[in-house]
Every structure is written in structure tokens, then in C-alpha cells.
Peer 1: 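Please find one structure pasted underneath; my questions will follow.
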Amino acid sequence: GINLATADTVIMFDSDWNPQVDLQAMDRAHRIGQKKPVSVFRLVCDSSVEERILRKAMEKLRLDTIVIQQGRLTEQKKNLNKDEMLEMIRFGADNFFKASTGVYEEEDLDLILSRGEARTKEMNEDMEKVEKSNLNMLDFKLDQGSKSIYDFEGENQKAGSPGKDGQDLFFLDVGKRERRVNYDEAQYFQQAMRANRPVNKVKQRVKLPKEPAFQDFQFFNTTRLRELYDKEKEVVTEYNQAADDAAKEGRTPPPAPNVEEILSEEEQNERAQLLEEGFGSWNRREFNCFLRGSERHGRGALDAIAADVGDTKTPEEVRAYAKAFWKRGPSMIENWSRVRKAIEEGEAKIVRREEMEKALVLKCERYEDPWRDLEVVYSGNRGKAFTEEEDRWLICMTWKLGYGRWEELKLEVRRAWQFRFDWYIKSRTPLELKRRVDTLIRNVEKENEEIAAAELEAERKRRAAAKAAAKRRQSLEAKKSGANASSSVSGKRKPGAAGTPTRSPASSPSSKKRK
């Protein structure tokens with residue numbers, strides 16, 4: 001993508017395996033409007049792998065010229081094999097090891113260029129010779145004289161020892177390639193299971209009685225049932241082992257036992273009764289539905305729990321299972337403490353919900369029109385998110401719909417004409433509305449407690465006042481009755497009457513009594 005405006009020289013110091021890359025670099029200088037002659041210089045290190053890379057690039061260009069451009073290619077050129085690659089890497093190694101140390105002097109630039117032109121001309125002549133010779137188009141090779149990587153200067157260096165010290169200068173020990181097997185987990189477990197597999201497996205001549213799977217939530221007497229099934233299994237296993245040993249030794253096998261007669265009639269009846277006492281028809285899904293229904297509705301709402309279990313169980317079956325659940329569960333269910341705790345927490349939430357609904361009823365029934373006249377009492381900071389009108393509407397709508405129906409509350413918020421342009425409350429999620437309603441209900445409960453306390457105090461004062469008034473009234477009535485009694489006695493005894501002695505008021509008995 002470089003735009004060259006005045007470049008007329010191309011210098012390639014690193015030849016590429018693909019000659020087309022070098023040709024593209026040359027084409028940059030041969031642009032439209034080029035009037036100067038273009039000079040191309042390629043820097044190649046003598047007696048190194050760069051010579052082989054350049055020779056392979058020229059082979060590719062020659063192949064492109066005489067084969068691909070003429071449309072005579074019938075088979076693709078194969079990639080380099082291992083021997084050819086090793087030969088290219090080792091090319092020039094002999095000159096490197098034979099070179100003696102000395103002082104390198106600067107050579108004349110013209111001498112270097114002339115030597116490069118001579119080498120280039122030599123390589124081109126080699127290409128022309130190969131082209132004129134009997135060329136195999138399916139196995140194009142330029143250097144046909146070098147048949148082996150050990151041939152050098154007309155001698156096979158493998159037989160002799162060309163090094164000064166008798167060492168093979170071309171030998172490069174790259175080590176032996178070993179194929180490592182990756183860890184296979186599936187194969188490991190397969191081998192482990194095969195190793196643990198019993199070799200002498202006893203042939204099942206008499207089938208064992210099928211033992212059902214007993215779950216803890218089915219409330220079977222598993223201890224006694226397993227004893228009965230193990231008794232049958234022991235007899236059958238002994239017979240199979242004896243029959244297998246007799247077959248190996250060539251003897252007549254013992255008579256086969258009757259599976260139905262291994263247990264006595266009493267034991268069979270006992271097992272049938274134990275199986276009937278359990279709840280074998282209940283599966284894990286129905287048990288989980290029973291637990292969730294107990295948490296949601298409480299242990300006493302059996303009809304609602306039966307509805308959660310589904311149509312697979314009738315309400316009578318759910319009632320019978322609930323009775324056995326609370327009676328046998330503590331001793332038979334493995335994680336009974338966790339199950340009971342979850343149900344109790346659900347029942348506590350139900351009680352709390354009823355208390356909150358009762359608080360809303362008490363609050364709203366104080367007003368004739370709570371949608372308009374209800375007064376919202378805040379404890380502490382009210383907050384700036386919701387207005388008083390929004391809080392009043394949320395309290396009244398929760399009172400109307402019932403606590404816990406947050407999706408319906410969200411739908412009513414979007415339908416309310418009061419909030420047609422109130423985008424804040426219309427964009428609240430059901431969870432955010434629940435949190436706001438919980439905060440308002442706590443304020444309502446606190447207000448109800450204060451009002452109840454005030455009413456209780458007023459009632460106490462009223463009763464005290466009534467009691468005091470009754471006491472005063474009784475005292476006044478007692479005084480009035482005493483005054484009436486004294487006036488009646490003085491009217492019967494008149495002073496100065498004939499034949500009756502008179503006494504002074506101070507000496508009369510009545511006066512003494514009054515004093």
C-alpha cells in the first residue's frame with residue numbers, strides 16, 4: 001500500500017520462499033509513469049541457506065513460466081520432503097567449518113556486483129539447460145546432479161571422514177522423535193473397570209426377586225422389608241453358587257428352590273402389609289410439590305397443597321400423606337430439620353403477610369374516601385423518589401388487590417390515569433414496588449400502634465374518671481340519706497307536750513349520737 005513517486009531502485013536483503021512476494025516489490029517501482037530505468041539488487045549470503053531459498057524461488061518462477069502459463073500442469077508440485085529440507089539447511093556448512101580465521105577486508109563494490117552478475121548468469125544458464133533437456137513435468141528438479149545429501153565436490157562424504165578430526169561435519173543429531181500418548185480419561189476408567197471386573201462370575205440360574213427402591217419420603221419400614229428380601233436373596237445366591245460349582249465339576253446341580261415358598265405365609269403377609277403402609281406411589285416430584293405447597297400455604301391448607309401437587313393425587317391422598325409426613329417424618333426423613341425449618345419460615349411469612357394486610361385494612365377504613373383523604377405518615381426521612389400522592393395510591397391499591405400481587409400492581413400502575421406522564425413510577429419494577437410498599441406498611445403499622453396506645457390511654461383515663469365520679473356520687477347519696485334520717489326523728493318528738501318531760505337538745509340522746 002505504499003505509494004512510490006520517485007523510487008527507481010529495489011533492494012531485497014531477505015529473499016522470500018514465495019517469489020511472487022519479491023515480484024510485487026519490484027512491481028512497485030515499475031509503476032505507471034516510470035521513466036527511469038529500475039535497478040534491482042538482491043543481497044545473498046554466500047554458501048548459506050539463502051542460496052537454496054533463491055534457487056527454489058527461481059525454480060518456482062521457471063515452473064510458472066514453462067508449465068502453468070502454458071496450461072500443461074497435470075499434477076500439483078509436492079511439498080519439500082525431509083531430505084530436501086535437511087539438504088537445504090546443511091548447504092554451505094562445509095565452507096563454514098573449513099573457513100580459517102582471518103581479517104576481513106573491504107572489497108570493491110564493483111567486484112561484488114560483477115561476482116553477483118556472474119552467479120546470476122550461471123544460475124540462469126542452469127535453468128536453460130534443464131529446460132532444454134528431457135524435463136519431467138511431473139517431477140521438476142533443477143539440480144539433478146546432487147543425488148544425495150552426502151555428495152559434495154564429487155565425493156561421498158558419508159564413507160570417509162572429511163573433518164580434520166575425523167568427525168562428520170554434516171552430522172546434525174536432532175534426536176529421535178517419540179510419539180507420546182495423551183491422557184485419555186475415558187480409556188483410563190474403561191481399563192480400571194475392566195481390571196476390577198470379576199473373572200469368575202456366577203451364572204444366574206434362578207432370578208432374584210425384584211426389590212423395589214425405597215425412598216425416605218415414602219415412609220416404608222425399610223429395616224424389616226430389607227430383612228425379608230435379604231432372606232430370599234441369600235437362598236437364591238447359595239443355590240446359584242452351588243449350581244455353578246456343580247456345572248464346573250460335572251456333577252448334577254441341586255434342585256432349584258421355589259422363590260415363592262422361601263418365606264412363610266406369615267412373613268409374606270407381613271411384607272404385603274408393610275408395603276401397603278408405605279406411600280410407594282409418591283415420587284420425588286410430588287414430594288417436592290408437597291413441600292413447596294406447605295411453605296406457600298401453611299401445613300393446614302391441605303386443599304391448596306393438593307392443588308399444587310396436581311391431578312396425580314386426590315385431596316384424600318394428600319391428607320393421608322400429610323398425616324404420615326408430620327408423624328413419621330422426624331424419624332424417617334434424612335434431612336428433616338432442613339425441611340421443617342423451610343416450612344416454618346414459610347408459615348412465618350404467611351403470618352407476617354396477614355398482619356400487614358390487617359394493618360392496611362385498619363388504615364384505610366378510618367377514612368370515608370381513602371383514595372382522596374388518606375394521610376400518609378412518614379417516620380424519619382420520607383425520601384425524594386416517591387411523592388405523597390404516589391404513596392397514597394400504592395397503599396390503597398395494595399389494600400384492594402392484596403399483599404403480594406406485585407405483577408398486578410405493576411399493571412395497575414401503567415393503567416392509572418394519575419400517572420399518565422409520571423415516567424418514574426411507571427418504570428419501576430415489581431421488586432421496587434414491593435420494597436416501597438413494605439416501607440409504607442411499616443410506617444402504617446407504627447402509626448396504628450401509636451393510635452392504639454393513645455386509644456388505650458384514653459380508655460384508661462375514661463374508666464378512672466367514671467370510677468371517681470361514681471365514688472363521689474355514692475358519698476353524696478350517703479350524706480343525703482343521713483340528713484333525711486335526722487329530720488324524721490326530730491319531727492316525732494315535739495318539745496313541751498303534755499305528760500312528756502322535756503330535755504334540752506344538748507342532753508338528748510340523739511344529739512349525743514350526732515355529736
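Quick note: residue numbers are just sequence positions, from 1. All values below were derived from every heavy atom in this structure, side-chain atoms included, with hydrogens, water molecules and symmetry-related copies excluded.
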Peer 1: Verify whether one side chain among H297 and D308 offers a donor that lies under 3.5 Å from an acceptor in the other.
Peer 2: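 Checked: H297/D308 side chains pair up, N/O donor to acceptor below 3.5 Å.
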Peer 1: Look up atom CG in L54 and atom SG in C45, then write down how far apart they are to the nearest 0.5 Å.
Peer 2: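 L54 CG to C45 SG: 12.5 Å, rounded to 0.5 Å.
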Peer 1: What residues form a ring-ring contact (aromatic ring centres under 6.0 Å, His included) with Y229, not counting sequence neighbours?
Peer 2: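 Scan of Y229 (ring-ring contact (aromatic ring centres under 6.0 Å, His included), adjacent residues dropped) gives none.
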Peer 1: For W282, which of Y321, F219, F287 qualifies under ring-ring contact (aromatic ring centres under 6.0 Å, His included)?
Peer 2: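 The option that passes is Y321.
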Peer 1: Is any NZ, NE, NH1 or NH2 atom of the basic residue among R460 and E457 found under 4.0 Å from an Asp or Glu carboxylate oxygen of the other?
Peer 2: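 Answer for the salt bridge query: yes.
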Peer 1: So that I can tick it off, tell me whether K434 and D438 are bridged by a salt bridge, with the cut-off set at under 4.0 angstrom between side-chain N and carboxylate O.
Peer 2: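 Counted as a salt bridge, because a side-chain N and a carboxylate O are separated by less than 4.0 Å.
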Peer 1: Quick check on R319: does its CZ atom have over 12 non-hydrogen neighbours (other residues, nucleotides or ligands) under 6.0 Å away?
Peer 2: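 Result for CZ/R319: enclosed.
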Peer 1: Charged N to carboxylate O under 4.0 angstrom, D22 versus R42?
Peer 2: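 Yes, this pair counts.
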Peer 1: Any donor-acceptor pair under 3.5 Å linking the side chain of K363 with the backbone of E375?
Peer 2: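 Yes, the answer is positive, given that a donor and an acceptor are paired below the 3.5 Å cut-off.
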Peer 1: What I'd like to find out is whether the side chain of L409 reaches to under 4.5 Å of the side chain of V437, using heavy atoms alone.
Peer 2: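 With C-beta onward as the side chain, the pair touches.
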Peer 1: Taking the six-membered ring for Trp, are F386 and Y424 ring centroids under 6.0 Å apart?
Peer 2: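 Centroid distance F386-Y424: below 6.0 Å, so yes.
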Peer 1: Taking the side chain as every heavy atom from C-beta outward, state whether V339 and I343 have any pair of such atoms under 4.5 Å apart.
Peer 2: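 Yes; the side chains approach each other to less than 4.5 Å.
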Peer 1: State plainly whether the residues R352 and E355 are in salt-bridge range, i.e. N to O under 4.0 Å.
Peer 2: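 A salt bridge is present here (some side-chain N lies under 4.0 Å from a carboxylate O).
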Peer 1: Using the rule given for side-chain hydrogen bond (donor to acceptor under 3.5 Å, both in side chains), can you reason through E447 versus N443, listing the C-alpha separation, both sets of side-chain angles and the distance that settles it, and then say yes or no?
Peer 2: CA-CA 6 Å; E447 180 187 1; N443 296 336; over 6 Å; no
Peer 1: Looking at CG of L275 and CZ of F220, how far apart are the two atoms once the value is rounded to the nearest 0.5 Å?
Peer 2: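 Interatomic distance, L275 CG to F220 CZ, rounded to 0.5 Å: 6.0 Å.
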Peer 1: For the residue pair D216 and R284, what are the closest heavy atoms and their distance?
Peer 2: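 That closest heavy-atom pairing would be OD1-NH2, 4.3 Å.
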Peer 1: When rounded to the nearest 0.5 angstrom, what is the spacing between CD1 in I425 and CG in L433?
Peer 2: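 Separation between the atoms: 6.5 Å.
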Peer 1: Are R285 and C289 side-chain neighbours, meaning at least one heavy-atom pair lies under 4.5 Å?
Peer 2: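 When only atoms from C-beta onward are counted, C289 and R285 do touch, with a gap below 4.5 Å.
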Peer 1: Side chains of Q418 and E389: closer than 4.5 Å at any heavy-atom pair?
Peer 2: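 Contact flag for Q418/E389 side chains = yes.
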Peer 1: Centroid-to-centroid, F290 to F217, below 6.0 Å?
Peer 2: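 That pair fails the under 6.0 Å test.
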Peer 1: So do I305 and S294 actually touch side chain to side chain, heavy atoms under 4.5 Å?
Peer 2: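 In short, these two side chains touch, coming nearer than 4.5 Å.
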Peer 1: Could you tell me whether the side chain of P255 reaches within less than 4.5 Å of the side chain of Y239, counting heavy atoms only?
Peer 2: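 Not touching, per the 4.5 Å side-chain cut-off.
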Peer 1: Any salt bridge between E412 and K400, counting N to O under 4.0 Å?
Peer 2: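 Salt bridge absent between E412 and K400.
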Peer 1: State the CZ-CD1 distance between R299 and I350, to the nearest 0.5 angstrom.
Peer 2: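 Taking CZ in R299 and CD1 in I350, the distance rounds to 10.0 Å.
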Peer 1: Please report whether the ring centroid of F419 lies less than 6.0 Å from that of W393.
Peer 2: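 Between F419 and W393, which both carry aromatic rings, the centre distance is below 6.0 Å.
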Peer 1: Has E234 got a side-chain atom pairing as donor or acceptor with K231's backbone, closer than 3.5 angstrom?
Peer 2: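 No, the answer is negative, given that no donor and acceptor are paired below the 3.5 Å cut-off.
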Peer 1: Determine whether a donor-acceptor pair (N or O, by modelled atom type, separation under 3.5 Å) exists between the side chain of R405 and the backbone of L401.
Peer 2: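 Pair found, side chain donor or acceptor close to backbone of L401.
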Peer 1: Salt bridge check, E459 against R463: does any charged N sit closer than 4.0 Å to a carboxylate O?
Peer 2: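 Counted as a salt bridge, because a side-chain N and a carboxylate O are separated by less than 4.0 Å.
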Peer 1: With no hydrogens and no angle check, just 3.5 Å: does a side-chain donor-acceptor pair link R436 and T439?
Peer 2: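 Absent: no donor and acceptor within the cut-off.
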Peer 1: side-chain contact (heavy atoms from CB on, under 4.5 Å) between L228 and D230: does it pass, once the steps are laid out?
Peer 2: CA-CA 5 Å; L228 297 175; D230 290 343; over 6 Å; no
Peer 1: Could you tell me the separation between the CG atom of L456 and the CD atom of E449, rounded to the nearest 0.5 Å?
Peer 2: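 Interatomic distance, L456 CG to E449 CD, rounded to 0.5 Å: 13.0 Å.
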Peer 1: Which heavy atom of K410 sits nearest a heavy atom of P430, and at what distance?
Peer 2: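 So the two residues come closest at CB-CG, 4.2 Å.
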Peer 1: Would T312 and E286 count as having a side-chain donor-acceptor pair, cut-off 3.5 Å?
Peer 2: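 Checked: T312/E286 side chains pair up, N/O donor to acceptor below 3.5 Å.
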Peer 1: Between R366 and D373, is the closest basic N to carboxylate O distance under 4.0 Å?
Peer 2: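 Looking at D373 and R366, the cut-off is not met.
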Peer 1: What I want to find out is whether E388 reaches R392 closely enough, with some N-O distance under 4.0 Å, to be called a salt bridge.
Peer 2: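 Salt bridge flag = yes for R392 with E388.
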Peer 1: Not counting sequence neighbours, which residues clear ring-ring contact (aromatic ring centres under 6.0 Å, His included) with Y378? List them please.
Peer 2: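 Y378 satisfies ring-ring contact (aromatic ring centres under 6.0 Å, His included) with no residue once adjacent residues are dropped.
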Peer 1: Identify the heavy atoms of W399 and P370 that sit nearest to each other, and give their distance.
Peer 2: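 Where W399 meets P370 most closely, the heavy atoms are CZ3-CG, 3.8 Å.
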Peer 1: Write down the atom of A359, the atom of E445, and the distance for their closest heavy-atom approach.
Peer 2: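 Closest approach of A359 to E445: CB-CG, 3.7 Å.
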Peer 1: Could you tell me whether the side chain of E267 and the main chain of S264 form a donor-acceptor pair under 3.5 Å?
Peer 2: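 Present.
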Peer 1: Any chance the rings of F325 and W336 have centres within less than 6.0 Å?
Peer 2: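 So the answer is yes for these two rings.
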Peer 1: Where do Q268 and L263 come nearest, in terms of heavy atoms and distance?
Peer 2: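 Taking every non-hydrogen atom into account, NE2-O, 3.3 Å.
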Peer 1: Roughly how far apart are Q215 CD and E334 CD, rounded to 0.5 Å?
Peer 2: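 Here the interatomic distance stands at 10.5 Å.
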Peer 1: Of all heavy-atom pairs between E317 and K313, which one has the smallest distance, and what is that distance?
Peer 2: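 Nearest heavy atoms, E317 then K313: OE1-CD, 2.9 Å.
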Peer 1: Side chains of R271 and E266: closer than 4.5 Å at any heavy-atom pair?
Peer 2: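 No. Closest side-chain heavy atoms not under 4.5 Å.
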Peer 1: With a 4.5 Å heavy-atom cut-off, do E344 and E295 have their side chains touching?
Peer 2: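 No - every pair of side-chain heavy atoms lies 4.5 Å or more apart.
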Peer 1: Can you tell me if NZ on K426 sees more than 12 non-hydrogen neighbours from other groups inside 6.0 Å?
Peer 2: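 Check passes, neighbour count above 12.
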Peer 1: Indicate yes or no for a side-chain donor-acceptor contact from N240 to the backbone of V236 under 3.5 Å, with no hydrogens or angles considered.
Peer 2: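 Between the backbone of V236 and the side chain of N240 there is a qualifying donor-acceptor contact (under 3.5 Å).
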Peer 1: More than 12 heavy atoms of other residues, nucleotides or ligands under 6.0 Å from CG of D311: yes or no?
Peer 2: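 Incorrect, the count does not exceed 12.
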Peer 1: Quick one about Q273 and N269 (side-chain donor to acceptor, distance below 3.5 Å, no hydrogens or angles considered), yes or no?
Peer 2: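 No, no side-chain donor-acceptor pair sits under 3.5 Å.
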Peer 1: Are the charged groups of E227 and R224 less than 4.0 angstrom apart, N to O?
Peer 2: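 Salt bridge present between E227 and R224.
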Peer 1: Check step by step if side-chain contact (heavy atoms from CB on, under 4.5 Å) holds for V444 and R442.
Peer 2: CA-CA 5 Å; V444 169; R442 285 193 294 269; over 6 Å; no
